[in-house]
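Heads up: numbering here begins at 1 and tracks the sequence.
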Amino acid sequence: MKISWGYTAWLAVSGLVCAAMTIFAASAYVTLDVDQARAPVHGPVHYGLLVAHIFTGTVAVLAGVSQFWPGLRARHPRVHRVMGRVYFAAVLPSSVLGVVCAQLSLAGLASQAPLTVLSVLWFVSAVVGLRTARRRQFGAHRIWMIRGFALTGAAVTGRLWGLLLGGLLPEADGLLVLASANWLALVLNLLVAEWWIQSRGYTRALPSSALRPSISSRSAQSSASVA
């Protein structure tokens, strides 16, 4: 499929925005100073779990962005596989830590509910994406990775929604703004991902283009044996 310059430019800009915002958000935790934490924490243990979640999530965003670059899989399949392994190695622990940190959140249910749902779906998408890759079901793998990165990117769009809602509703309750931003990031990211999957026709493709032997060849072999 020929990739247009507009598509490449859009990917480059959105990728840079994701990377920049993620690195900026993580920068407050580089010093490992609990007093610099942007979210209130119970103590050193909670802070340590939060830092681990944030840094593994940062790796997931940076590795995930690279996977969408046009031509990477075709021209540099080794790099694609390595970065995919890095992505999974980051998402799986980060999503589990996300569930734990959500339960420890001092913001209460308003913060706990969307972050818990997000983390669970994030974990599931990574497990299914990894399983389909190992089974060489690359069509299904691509679909689940789009869904998975939509959830990965919710950390970025959630902050954008928070800034937008905070600017539009300066008098609104902070917890309401936080909860609304988190839910909007989760739901809208998934909706955009599903729109992208359907509009690109990925669900109409074969489950895998690299099965050995292919589905068609196995069918032909079965028909020959029956005959």
(message) Once rounded to the nearest 0.5 Å, what's the spacing between atom CG of L191 and atom CD of E194?
(response) 8.0 Å

(request) State, with a plain yes or no, whether a side-chain heavy atom of V41 is found less than 4.5 Å away from one of V34. (result) yes

(request) Only one of V124, L190, V91, V117 passes side-chain contact (heavy atoms from CB on, under 4.5 Å) with L151; say which it is. (result) L190

(message) Tell me which pairs pass side-chain hydrogen bond (donor to acceptor under 3.5 Å, both in side chains) where either residue lies in residues 23-33, with sequence neighbours left out.
(response) none

(message) If hydrophobic clusters are built from ILVMFWY residues whose side chains come within less than 4.5 Å, do W195 and M145 share one?
(response) yes

(request) Determine whether the side chains of S180 and W161 contain a donor N or O and an acceptor N or O closer than 3.5 Å. (result) no

(request) Mark yes or no for whether Q67, through its side chain, and M83, through its backbone, hold a donor-acceptor pair below 3.5 Å. (result) no

(message) Nearest 0.5 Å, please: how far is OG in S119 from NE2 in H53?
(response) 5.5 Å

(request) Determine, stepwise, if the pair L186 / L121 fulfils side-chain contact (heavy atoms from CB on, under 4.5 Å). (result) CA-CA 10 Å; L186 169 61; L121 292 178; 4.2 Å; yes

(message) I need the L160 CG to L184 CG distance, nearest 0.5 Å.
(response) 11.5 Å

(message) Using the rule given for side-chain contact (heavy atoms from CB on, under 4.5 Å), can you reason through F123 versus V99, listing the C-alpha separation, both sets of side-chain angles and the distance that settles it, and then say yes or no?
(response) CA-CA 10 Å; F123 180 84; V99 173; over 6 Å; no

(request) Measure the OG1-CG distance between T157 and L164 for me, rounded to the nearest 0.5 Å. (result) 12.0 Å

(request) Would you confirm whether H42, through its side chain, and L104, through its main-chain N or O, come within 3.5 Å as a donor-acceptor pair? (result) yes

(request) Using modelled atom types only, decide if a donor and an acceptor are shared between the side chain of S125 and the backbone of W122 within a distance under 3.5 Å. (result) yes

(request) Kindly say whether G129 contributes a backbone atom to a donor-acceptor pair with the side chain of T132 at under 3.5 angstrom? (result) yes

(message) To check you understand the geometry: which heavy-atom pair defines the closest contact between A181 and G158, and what is its length?
(response) CB-O, 3.6 Å

(request) Hey, could you give me the CG/CD1 distance between L49 and I54, rounded to the nearest 0.5 Å? (result) 11.0 Å

(request) Decide side-chain contact (heavy atoms from CB on, under 4.5 Å) for R200 and W196; before the verdict, give the C-alpha distance in whole Å, the side-chain angles of both, and the deciding distance to 0.1 Å. (result) CA-CA 6 Å; R200 303 287 288 187; W196 182 260; 3.7 Å; yes

(message) Could you see if L50 belongs to whatever hydrophobic cluster contains L92? Use Ile, Leu, Val, Met, Phe, Trp, Tyr and a side-chain cutoff under 4.5 Å.
(response) no

(request) Treating Ile, Leu, Val, Met, Phe, Trp and Tyr as nodes and any side-chain heavy-atom pair under 4.5 angstrom as an edge, say whether V65 and I146 lie in one connected cluster. (result) yes

(request) Taking all non-hydrogen atoms of both residues into account, name the closest pair between G153 and N189 and its distance. (result) C-ND2, 3.5 Å

(message) Looking at R159 and A155, would you say the former's side chain and the latter's main chain have a donor-acceptor pair under 3.5 Å?
(response) yes

(request) Grab the two heavy atoms, one from A150 and one from A193, that are nearest each other, plus how far apart they are. (result) CB-CB, 3.7 Å

(message) Please say yes or no: joined through hydrophobic side-chain contacts below 4.5 Å, possibly via intermediate residues, are L118 and F88 part of one cluster?
(response) yes

(request) Please tell me if the side chains of R147 and V128 come closer than 4.5 Å, counting only heavy atoms from C-beta onward. (result) no

(message) Distance alone, cut at 3.5 Å: any donor-acceptor contact between the side chains of T152 and Y87?
(response) yes

(message) How close do A154 and A185 get, counting heavy atoms only, and between which atoms?
(response) O-CB, 3.7 Å

(message) Determine whether a donor-acceptor pair (N or O, by modelled atom type, separation under 3.5 Å) exists between the side chain of Q137 and the backbone of A133.
(response) no

(request) Establish whether L97 and F55 are linked, either directly or via other cluster members, by ILVMFWY side-chain heavy-atom contacts under 4.5 Å. (result) no

(request) Tell me, with the steps shown, if L188 and W183 meet side-chain contact (heavy atoms from CB on, under 4.5 Å). (result) CA-CA 8 Å; L188 292 183; W183 282 117; over 6 Å; no

(request) Please report the shortest heavy-atom distance between V177 and A172, naming the atom on each side. (result) CG2-CB, 3.9 Å

(request) Find the distance between CG (L115) and OG (S105) and round it off to the nearest 0.5 Å. (result) 7.0 Å

